[in-house]
Asks: 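After the structure tokens below, expect a handful of questions from me.
Chain A is the first sequence line, chain B the second, and so forth, proteins listed ahead of strands; every chain is numbered from 1.
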Amino acid sequence: MRRFSGRFRSSLIIGLQGIRARKLRTLLSMVSLFLGVSAVVVVQAGASIAEKALLADLQLTDGIDGTRIVDMPPEPKAADIVISTLRGRADGVATLAVSAIVGEPGVRPVNEGGSPIDEDWGGGMVCYGDGRCEPDTSNGPEGAAIEVRLTALTGDVRVFRPFTQQSGRWLDFSTMPAMAPHLVLNQEAAKGFDRYRVPAEMRVTGASANLTPQFIGVVDDGDPQPRAYVRLDELTNWLSPASLGNGGAEMRVLLAPSTPVEQVLTTRLRGVGVETYVSTVESRKHRQKELTLMRLIFFSMAGLVLLIGVAGILNVGLATVGERIEEFALRRAVGTPRTLLAGIVLAETLLTGLLTAAAAIGVCVAGLKAVSMLIGDSEPLLHNVQFPWEAGVAGILAGIIAGVLGGFVPALRAAGIPIATVMRA
Amino acid sequence: MTDPLIRLTGITKVLKGQQEPRTILDGVDLTVAAGESVAIVGRSGSGKSTLLSVIGLFDRADSGQYELAGQDISRLPERRAAKLRSSHFGFVFQRFFLLKHLTAAQNVAMALVNGQGWLPRRERRARVLEALDLVGIAHLAKNRPARMSGGEQQRVAIARALVRSPRVLLADEPTGALDTETGALVIDALLAATTRGCGLILVTHDRDHAARMGRILDLDAGVLTERVAA
């Protein structure tokens, strides 16, 4: 152990002396290697950021991996069963969505059919036999109103779909249900209400009266359609649960993996003749193939650039050993073993590789920060993005691999230099 | 009587080149005692450096026996040979072989940072300064070779050879690149080591330097003979 430590320290000391003595060469080696290591770091960072962003998007829309999803056709009896089965449970949340129009009474919403605010899905056209089409005015004239999908929740759905709060607050399920239902909007709905200052009156088909909603927050739910989330018990103050199971509604239950509720729920629904469709969220698995392929392609490109860097370090290493033949022969003459000579050369290339890796990582961290600051506001993917630690590890590994590959042949050559060289000089 | 420090018996070395094999050392017998100084003289190509290579374990003899301090080391693996070179031998060459990017002290320390054991920095520095002091240039410890004269550089090389307190100093024409006066100073430094019990084998063309050694040996066509004092 002591001997190993002595050799290790000796090779480090001599390696550092060698680097200091040949600063320009070391710099040139680093320049040729810098691009390769940077390519590896950038590819790894890009892949990690893209993968995280992709999975985060999928989690918003589909749910966290492993979540069990039970879909069923909207039927009044199904709604009753779902609500009663999930009441008071934290391992499952039912989402029941209906259409709601918020705004002036008796007018058509600006986004009829619940389309995204800037899109026109073309709802409400009446066409005649002669081919003429004109807007359907039977629902009244277009006015200051916005149509949203109103999603009633039996519990906190963020356990399964990690919405990101944009402003305000989320629904509080622990308080008494209010008569004026609290609504949390998604970003698209918030955009509509921001653009059109509509009166806050909400029409829901089947409700006993028009409601007065309270907007309490905005979340990013990954949905391009305007949507509002409400506590089910606040909505059912005005609407019977059976109405939530009418045509046009959506019924879905999100469950924790391996909860007993799943079996109870599906059995009860099957008992009343409601067919269920159960699936598991496996976003990562479904995307794994394309993610792996994407990584492979980019890493191959980065590997090629790294290889060019290795060739550079190898070239400089061989030239340096050729220049230092007398030094290595002399070191052998004073008792330095061949293995230590090889170690000295490897230590130099390894240190060069590690220094290059540190520089490349530093530049990439700074670059990412600069890009995030400059275009982070317009590009959500880059907003407040953190440098992924995997990219740092990849950079260090690339530096080590390049150092070892680039130093291996020169190390062998250094170890093979005959001592008699100094006698013949 | 104690064993001699070095005993060579019937050492033969044949150079197997592209043409006919050429015998460089032909049954060389040599004994050197501790504290003894020996000069080996001979014409160019007579095998002096080859003999020094064999003694210093740079090279192996083809046949014959080599005993170092009573131990037969005729057939040594390279790993053990490196260890013996570090612990028993000090080398001085015609060219000084100082690394120009290192200071005099760092050049001397090179023999201590060679993977054969580890000395703490403070002890290393003390031994380096002691070795430089022995050859009278401790004040030049921080100078780089480019700022030293030839004689000073050779004395740094001698300090490097002495820093591990070797039992034998092997010097291959150490004054070849120096003027007569500086050469004499270098020989003084080498001879000073013999007073501390270190054996000295000096290969030289210079008759005056050879005459200052205890014994003079002639090497001619690979055969070593002792020159009898007139």
Side-chain angles (χ1 to χ4, degrees), chain A residues 1-27 320-348 411-412 414-425, chain B residues 48-60 77-103 106-121 124 144 157 160-161 163-164 166 170 172-173 176-177 203:
Chain A
M1 193 67 189
R2 192 178 161 83
R3 184 201 289 176
F4 171 77
S5 160
R7 289 195 180 178
F8 180 69
R9 289 190 206 186
S10 300
S11 57
L12 274 185
I13 287 177
I14 301 167
L16 276 171
Q17 282 175 348
I19 286 176
R20 280 218 303 260
R22 280 164 282 274
K23 291 189 190 83
L24 184 62
R25 282 210 169 177
T26 306
L27 185 70
T320 307
V321 168
E323 209 176 64
R324 296 166 71 185
I325 283 179
E326 286 179 2
E327 177 194 335
F328 288 128
L330 181 72
R331 288 193 186 279
R332 282 195 66 199
V334 298
T336 308
R338 287 174 190 271
T339 48
L340 181 57
L341 284 184
I344 290 166
V345 176
L346 271 179
E348 282 182 23
L412 285 182
I417 290 171
I419 315 178
T421 307
V422 281
M423 302 298 286
R424 286 194 288 267
Chain B
K48 302 187 296 292
S49 295
T50 305
L51 178 59
L52 219 55
S53 293
V54 171
I55 295 171
L57 301 173
F58 293 1
D59 208 348
R60 300 281 188 282
E78 170 53 29
R79 195 169 49 83
R80 281 201 59 206
K83 201 166 186 173
L84 281 181
R85 281 198 298 273
S86 171
S87 60
H88 281 63
F89 294 101
F91 303 93
V92 184
F93 307 98
Q94 180 177 351
R95 282 176 56 199
F96 322 122
F97 290 121
L98 299 183
L99 303 185
K100 61 183 180 203
H101 60 276
L102 302 182
T103 62
Q106 285 171 327
N107 266 293
V108 175
M110 177 200 227
L112 296 174
V113 186
N114 65 352
Q116 307 288 3
W118 180 254
L119 287 177
R121 179 194 280 248
R124 222 163 52 217
R144 287 181 200 279
R160 182 178 63 200
V163 73
R164 270 194 179 266
L170 302 176
D172 188 10
E173 305 204 30
V203 167

Asks: Looking at side-chain heavy atoms only, is the closest gap between A/Glu327 and B/Leu102 below 4.5 Å?
Replies: no
Asks: Looking only at heavy atoms, what is the nearest atom pair of B/Arg85 and A/Ala333, with distance?
Replies: CD-O, 3.6 Å
Asks: To the closest 0.5 Å, what do you measure between CD (B/Glu78) and CD1 (A/Ile419)?
Replies: 5.5 Å
Asks: Against chain B, label A/Arg324 side chain, backbone, both or neither, depending on which of its atoms sit under 4.5 Å from a heavy atom there.
Replies: neither
Asks: Using non-hydrogen atoms and a 4.5 Å limit, figure out which bit of B/Glu173 sits close to chain A: side chain, backbone, both or neither.
Replies: neither
Asks: Grab the two heavy atoms, one from B/Val113 and one from A/Ile14, that are nearest each other, plus how far apart they are.
Replies: O-CD1, 3.5 Å
Asks: Could you state the interatomic distance from CG (A/Leu330) to CZ (B/Arg160), rounded to the nearest 0.5 Å?
Replies: 4.5 Å
Asks: So, taking the atom named CG in B/Leu57 and the one named CZ in A/Arg332, what distance separates them when rounded to the nearest 0.5 Å?
Replies: 11.5 Å
Asks: Quick check on the interface: out of B/Ala81, B/Ala82, B/Ala111, who has the most heavy-atom pairs with chain A under 4.5 Å?
Replies: B/Ala82
Asks: How long is the span from the OG1 atom in A/Thr339 to the CZ atom in B/Arg79, to the nearest 0.5 Å?
Replies: 9.0 Å
Asks: Sequence neighbours left out, what pairs pass salt bridge (Lys or Arg N to Asp or Glu O under 4.0 Å) with at least one residue falling in residues 13-27 of chain A?
Replies: A/Arg25-A/Glu323
Asks: With the side chain counted from C-beta on, respond yes when A/Gln17 and B/Leu99 share a heavy-atom pair under 4.5 Å apart, and no when they do not.
Replies: no
